[in-house]
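Take a look at the structure set out below.
First the proteins, then the strands, lettered A, B, ... as listed; each starts at 1.
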Amino acid sequence: MANAHNLQDLQHQAALASKVYVQRDYNSGTICRFQTKFPSELESRVDRQQFEETMQTLNNLYAEAEKIGGKSYLEGCLACMTAYTIFLCMETHYEKVLKKIARFIKEQNEKIYAPLGLLLTDPIERGLRVVEITIFEDRSISSGR
Amino acid sequence: MYLGLDEPVRECQYNQICTRNSLPMETLGHKKKKIPRRKWQVFPGRNRFYCNGRVMMARQTGVFYLTLVLIMVTSGLFFAFDCPFLASNLTPAIPVIGGVLFFFVLGMLFRASFSDPGVLPRATPDEAADLERQIGAANGPSGPGYRPPPRTREVVINGQTVKLKYCFTCKIFRPPRASHCSLCDNCVERFDHHCPWVGNCVGKRNYRFFYLFILSLSFLTVFIFAFVITHVILRSNRTGFLSALKDSPASVLEVLVCFFSVWSILGLSGFHTYLISSNQTTNEDIKGSWSNKRAKDNYNPYSYGNILTNCCAALCGPLPPSLIDRRGFIQSDTPQPVSHSNGSSMYASTQLHTHMAAATPLLHSNSVMIGGGGPPFPGKSSLVVPCASLAPSQPSLPSMPGLSCAGDMLTLRDPDTHCHHHHFASPEETPSPSGPMPLTLPCAAHMTHGGHIHPAQLYDPASQDSLHEDSVRGLVKLSSV
């Protein structure tokens, strides 16, 4: 797979990898939302617009997962009536959206961030606390070596 | 190879888990290299896992077994002794409805007890370092041995200023409404309280199960109470009161249990109904976070403004998945969360705060053991409002940042010292139970602490001080509340 090939290459060549963390934004309450402020360490690496778009899409996906509306009420009531055994057969709406998010991040990594030497980690692997962005420094390119 | 090991465990045979862990540590150490371990086996909190990580409970589960026994014995007696009479003389719908209620109660109890309440996984070392750097930059340089100032961040939610506190154990800034449970040593999202009756924390993910459990239990209790009384009255119309009691002696026991339970359980249901309709947690209500008495323009920023919406959101909202992925396999390159303090700045403060450790256990044991240490199974009557009183599990005290550091130490000392633990029902509460309780797994406890053996040995000398620490902690907690 192209992604794995690129990443393995990066890891072989990388001398140092540093990590940037985008924290959660709690200004809208307890819903899952990440700060869209552009981290300064990425200034030279990626286009600001592109990054903010990625974060915004991610935030929208999480909002969709946590949306409280007719559909989620229906799911909740149905689950309650079956004493929550229905979740043995089907996934919750949240889990479905999480899968969608995982696909989105993979796609973003493959198309945009891996070629720039960056790697986005799915926030669910960090307990939805942060979006971890790993910056790979290319040893073969860096000067003086 | 792991498939072979998985098979017996899939049947949820407790014996199988024990067998796997009865091997001496060295061989286990050998085997560690071959068997990919699951994340629950190295989980840093003070929880117990059963069924290969599917079931997650708090350390002390004695009171949970009491709850189970009380429910099953009372319902069993009802079905065995009262139902035949009632079914034949009144209607067979009575045992049917009773049965449905009984299974619903048990189902909700198991879901509340066995699921992850919404534990926040601890920060990975890189994250923690990044946060420390950010906070260090904000606070300015500090000398060695200098106790770090309380770390808080302010955020404005819906017009209300909310303080986010930094958890020293989990090395994260706690989200709003999250709190660190010192009994389980985890940060829990939307922390309500730690319920010993259910043997677990009550938080975001299992609050609805807890609420449905107490609601259905109150219906069941009232149902059994009413129909046992009906039974006795009908019988005494025929044969006289005393002979009616003689004919069905179980009814007396049932009436007693139900009578004393009804007050506390109905009360608790009512209290939680109020909390749900105002979208507050027990923790917030007890601290009066959103009450008008604190400040004139204080209001709850999380409330949707309308009782129906609040109820629907709490009970029928989307169920978030578990963040701790307890059954996942540990990848060798996955950063493991910090399970003990290893920063040099922490050592100074941990020494200082050893005696001012995470303060709640003693207070909790005080509030639960209202019946005293006397009867091994304090009757429910003496434990009025058990859950509500246990709410402030760790009201984050900004003046004592070291609390959580010492909380770390407690985690590590666990395999060696168990005296500092709260004793709900004394005999079966030691972490390596000699086991009057058939369901406790001594081996599971070993598994939980498998990763902690080495650092724990450093803290042996402190074990003698544990009783003293308990009392100091209790005093500290009482004075701070």
Side-chain angles (χ1 to χ4, degrees), chain A residues 11 17-33 35 39 41 62-87 91-99 121-134, chain B residues 100 103-104 106-108 110-111 115 119-124 126-127 129-131 134 153-158 160 162 164 170-178 187 189-190 204 208-209 212 301-302 304 309 312-325 328 331 333-335 337:
Chain A
Q11 280 167 349
S18 61
K19 299 190 186 189
V20 180
Y21 294 99
V22 177
Q23 301 283 340
R24 282 270 292 268
D25 173 14
Y26 293 116
N27 284 305
S28 325
T30 52
I31 61 164
C32 183
R33 211 188 130 75
Q35 292 175 356
E41 293 91 334
Y62 280 116
E64 186 196 324
E66 296 185 1
K67 196 165 91 100
I68 301 177
K71 193 168 174 226
S72 72
Y73 288 155
L74 199 63
E75 191 187 48
C77 288
L78 184 67
C80 182
M81 287 195 296
T82 61
Y84 296 92
T85 51
I86 197 169
F87 291 137
E91 275 184 331
T92 63
H93 173 66
Y94 208 116
E95 281 167 358
K96 285 190 194 125
V97 180
L98 282 180
K99 285 207 172 139
T121 306
D122 193 340
I124 195 74
E125 288 172 31
R126 297 288 176 265
L128 291 183
R129 292 184 303 266
V130 287
V131 176
E132 183 180 295
I133 305 163
T134 316
Chain B
V100 166
F103 284 115
F104 191 76
L106 279 188
M108 291 297 110
F110 290 151
R111 276 257 17 184
S115 56
V119 172
L120 285 168
R122 298 189 185 186
T124 56
D126 289 324
E127 267 178 71
D130 185 71
L131 265 182
Q134 276 179 32
R153 264 186 194 163
E154 291 213 344
V155 93
V156 176
I157 298 175
N158 234 350
Q160 281 281 317
V162 175
L164 302 184
C170 305
K171 308 248 190 307
I172 56 171
F173 273 96
R174 277 184 222 128
R177 312 190 95 177
C187 270
E189 277 191 287
R190 200 189 183 279
K204 183 157 120 177
R208 68 191 69 186
F209 306 127
L212 289 172
Y302 309 109
Y304 294 93
T309 319
C312 287
L315 301 175
C316 307
L319 188 64
S322 173
L323 296 175
I324 55 179
D325 187 28
Q331 315 288 336
D333 57 344
T334 312

With respect to chain B, which residue among [options] yields the maximal number of heavy-atom pairs within a distance under 4.5 Å?
{"options": "A:E95, A:R129, A:H93", "result": "A:R129"}
{"options": "A:T85, A:T92, A:N27", "result": "A:N27"}
{"options": "A:G76, A:G29, A:G127", "result": "A:G127"}

Side chain, backbone, both or neither of [X] within contact of chain A (heavy atoms, under 4.5 Å):
{"X": "B:F103", "value": "neither"}
{"X": "B:P301", "value": "neither"}
{"X": "B:L164", "value": "side chain"}
{"X": "B:R190", "value": "neither"}

Counting only heavy atoms not in A:F87, do more than 12 fall under 6.0 Å of its CZ?
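Atom CZ in A:F87 is packed in, count exceeds 12.
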With sequence neighbours excluded, what pairs up with B:F110 under the ring-ring contact (aromatic ring centres under 6.0 Å, His included) test?
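Checked B:F110 against ring-ring contact (aromatic ring centres under 6.0 Å, His included); matches are B:F114.
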Mind checking what makes side chain to side chain donor-acceptor pair (under 3.5 Å) contact with A:T82, not counting sequence neighbours?
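A:T82: no side chain to side chain donor-acceptor pair (under 3.5 Å) contacts found.
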Between [X] and chain B, which part of the residue has a heavy atom less than 4.5 Å away: side chain, backbone, both or neither?
{"X": "A:A65", "answer": "backbone"}
{"X": "A:Q23", "answer": "side chain"}
{"X": "A:K67", "answer": "backbone"}
{"X": "A:L78", "answer": "neither"}

Side chains of B:L315 and A:C80: closer than 4.5 Å at any heavy-atom pair?
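Heavy-atom side-chain distance check fails, nothing below 4.5 Å.
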Would you say the side chain of A:R24 lies within less than 4.5 Å of the side chain of A:P123, judging by non-hydrogen atoms?
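Not touching, per the 4.5 Å side-chain cut-off.
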For the OH atom of A:Y62 and the CG atom of A:L128, what is their distance to the nearest 0.5 Å?
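The OH atom of A:Y62 sits 5.0 Å away from the CG atom of A:L128.
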Using a strict threshold of under 4.0 Å (side-chain N to carboxylate O), is an ion pair present between A:K96 and A:E91?
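Between A:K96 and A:E91 there is no salt bridge, as every charged N stays at least 4.0 Å from the carboxylate O atoms.
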Evaluate the ring-ring contact (aromatic ring centres under 6.0 Å, His included) criterion for residues A:Y84 and B:F209: first the C-alpha distance (whole Å), next the side-chain angles of each, then the deciding distance (0.1 Å), finally the verdict.
CA-CA 10 Å; A:Y84 296 92; B:F209 306 127; 4.6 Å; yes
